[in-house]
Amino acid sequence: MTQIAEVIVDVPTMQTNTPYSYEIPAALVDQLQPGMRVVVPFGNGGRKVQGFVWQIKTDATPDPEVTLKAIETVMDPAPVVNAELMQLSGWLANTTYAFTITCLQTMLPNALKAKYQKWVSPTDQLPADIRTRLFGEQKKLLWDDTLSTEIVKQLLALNRQHLINVHYEVSSKSQVKTMMMVKPITSHENLMTARTQLRKTAVKQAELIDYLMDHPEPISQIELERKINVSSSILKTGEANGWLTRKAVEVYRDPFQTAVVKTQPLHLNPDQTKAVSAICAATDQEKPETFLLEGVTGSGKTEVYLQTIANALSHGKQALMLVPEISLTPQIVGRVRGRFGQKVAVLHSGLSGGERFDEWRRIQRGEAQVVVGARSAVFAPLTHLGVIVVDEEHESSYKQDDNPRYHARDVALWRARYHHCPVVLGSATPSLESRARAEKNVYTRLLLPNRVNHQQLPDVTIVDMTEELRHHKESNFSGSLLQALKERLDRGEQSLLMLNRRGYSSFVMCRDCGFVLQCPNCDISLTLHMDTKTMKCHYCGHEEPIPHVCPSCHGHHIRYYGTGTQKVEQELTELLPDARVIRMDVDTTRRKGAHERLLKQFGDHKADILLGTQMIAKGLDFPDVTLVGVLNADTALGLPDFRASERTFQLLTQVSGRAGRAEKAGQVFIQTYNPDHYAIQLAKTQNYEQFFVREMQLRHRGNYPPYYFAVKLTASDVDERQAAEAMVKIVRQLKTVLSPQAIVLGPTPGAIARVNKRYYYQLVIKYKREPKLDAALFNILGQAQKQSRGGLQIAIDRNPMSFM
DNA sequence: AGCACGCCGACT
DNA sequence: GTCGGCGTGCTC
């Protein structure tokens, strides 16, 4: 009886978003398992694609109408996707309106993605002159988009005449790292003889032989090169002459540059103890309970995580800890590794493709029991989860902003149900969604109201910048903040300064005619970058020189407006010439490891002031920081988004917590143009509860989440009319299936109507229960696929993080 | 996605 | 009359 494999092919379209059946060749019958990658023929051109075995049917009754093709090869000796993750990929695809293949690929390290190559080779019939012209001495030619259209035309014609063969190659990008090991091969005497036969001038060779005679044990080539300063060519000569052998040995790349000091569990206060025992009880009883761990900054949430993880490990189970990418600092990773040592695997975007793949393989082989990582680490192939931690659960970076548009918190909850284990959602400022669920007892609320060691909350001052403007000249620094900075300098203490960059940047404007330099591809002003002395577009990367003459009126009064970190830094050095400042923003942290280096410098007191964007608000803990200044608290408040207040409150609370974490009292200055706004006033007292109540009322009144569900649809096209028309059509279609209770906002042009030469239109649907909505949305995607050749793209985002 | 098939304009 | 342009539909 023939066995049939259902395969999800690597062709991300709506029409192919279903398993395809393939015959399993006899040789593979015992070998093939669901979750393995295979190469299958697909389409009538002899094309080959990668696919994932979805299911194997042993009792298959083959449909006589269709003749099945057979699986070509298996790419893995064992499944790369286990049963749980296969199931998860199906759920993901359904809830995010993404293709199953896209979901599978998202769950795996990039190294396992397919690499496709197309080759052509001549047949015997191909005339010799054409053959030499196209192929030269080569047997085959790579057919990719580097070939000129002229050559492609010729190849197409030759293929029609069957004078050339086309074949496809599918391979994995994965690369197992190897290290070259060198081992002396011949006996001492042979080396001696070789030594005497060398010419006098062969100094390096002599040196090598001397070393080999003294050290018969294998050594890595890199180390050998360092030790006796020989180049690899000398070693190759040595290999050719039979003095040594070289062999590639598989090694893991080590992403941890530094060793960590082993730490012991800390003593818990009563609130922490209560939280730890509640979570441990759920682990022990295999109860998929969700806890909302609410604790002010400095209340010892991390210690609660670590002790619940330790409990899971002691029962032979594993743990997953998610942290926002931005706070995946050595400080946090160091604390986890300090407690659990080699059992820890770390997954974050700072790793190279290869390092990521190695960490993933360690997890898959069961060599790591604890995984710490950012969003995509939620797919770590752990098989015995005992607890999942989502730290800073309110962070919007847990939501992926392209397909599949999943929220790591939701995936964590799914996996917890699968593994029958608890989830801990931790935050000082929980998302309204989570806090509301705790209110309804869907989640169990755990409180850590006190800071450990009874530290006081910092003293927060709100500075009204409109008032400030009236009395002083325009500046980024109010008199009181500047005074406080000076005091810190005198006392040798450190300060953090945060510039809220969201919706704010420095641009160039002509004072005579008001002209603002715009991106030619996007509807947005270009941002000034002093380091490269250029104007850049933050959306498409367009770059051009800084104008000195207004391109519109040719006037010379062209000036810079707005505030970037670079400009603030400049002002700071003028106001406080003695202060040593470290600036941290996307520009200074782009290079790998720069982030860590700057933080270490600050931690080592190499600077007095750390100036940065949002990235300095999270998870940093410097004992000598006694002052935190927020230069512009309210830039996010101006955005037309239902989460603007929530974001502002979270950010201000977060950054205030950075002040005075040790014995020294902390002071915080929040500069704002909206001193009376409730998000700012309540952040001053860190009053989350009152903020929650107040914000929930507003959400209720506006029919916003968490009272309503929301779906955001975006249409984009190079032709503005196409995008708009598509949206209108979609609205009309949706209205036929939606109940009268559903609220449709839009369609409206995107907040930035044009990005990268594409026009955006969007639509938000708010609803409580719409049984027909899902099917209608899938239908819309299917139709859009047909039009996609015209350039139209439709994106669907369920539970969007913003309506913008 | 990428390939073949198929139907219309400008060449030998 | 054919070559090759791209619009359309299908891929186990």
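Since this is a predicted model, take the numbers as computed values, not measurements.
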Are A:Tyr168 and A:Tyr116 near enough that their ring centres are under 6.0 Å apart?
-> no
Starting at atom NE2 of A:His162, determine the distance to atom P of B:dA4, rounded to an integer number of angstrom.
-> 10 Å
When rounded to whole Å, the CD1 to P distance for the pair A:Ile56 and C:dC12 reads 19 Å
Applying side chain to side chain contact (heavy atoms under 4.5 Å, CB included) between A:Pro749 and each of A:Tyr761, A:Tyr759, A:Tyr760, report the one that passes.
-> A:Tyr761
Find out whether A:Val120 and A:Lys140 are in side-chain contact, i.e. whether some heavy atom of one side chain is under 4.5 Å from a heavy atom of the other.
-> no
For A:Leu713 and A:Met727, work out which heavy atoms get closest and say how close.
-> O-CE, 3.3 Å
What is the distance from CD of A:Gln15 to P of B:dG2, rounded to the nearest Å?
-> 14 Å
Check the distance between C:dG4's P and A:Leu155's CG and give it to me in whole angstrom.
-> 13 Å
List the steps, then state whether side chain to side chain donor-acceptor pair (under 3.5 Å) holds for A:Ser739 with A:Arg769.
-> CA-CA 9 Å; A:Ser739 73; A:Arg769 217 183 79 84; over 6 Å; no
Length of the CZ-P vector between A:Phe99 and B:dA1, whole Å = 8 Å
Whole-Å distance between B:dC3 P and A:Phe42 CZ?
-> 13 Å
Please state how far atom NE2 in A:His167 lies from atom P in B:dC3, giving the value in whole angstrom units.
-> 14 Å
Using a cut-off of strictly less than 4.0 Å, decide whether A:Tyr168 has a side-chain nitrogen or oxygen near OP1 or OP2 of B:dC3.
-> yes
Is it true that A:Phe42 and A:Tyr20 have ring centroids separated by less than 6.0 Å?
-> yes
Of residues 19-28 of chain A, the positions that come close to DNA chain C - non-hydrogen atoms, cut-off under 4.0 Å = A:Tyr20, A:Ser21, A:Tyr22
Quick one: is B:dG2 close enough that its OP1 or OP2 comes under 4.0 Å of any side-chain N or O from A:Lys118?
-> no
Between P of C:dC12 and NZ of A:Lys69, the distance in whole Å = 4 Å
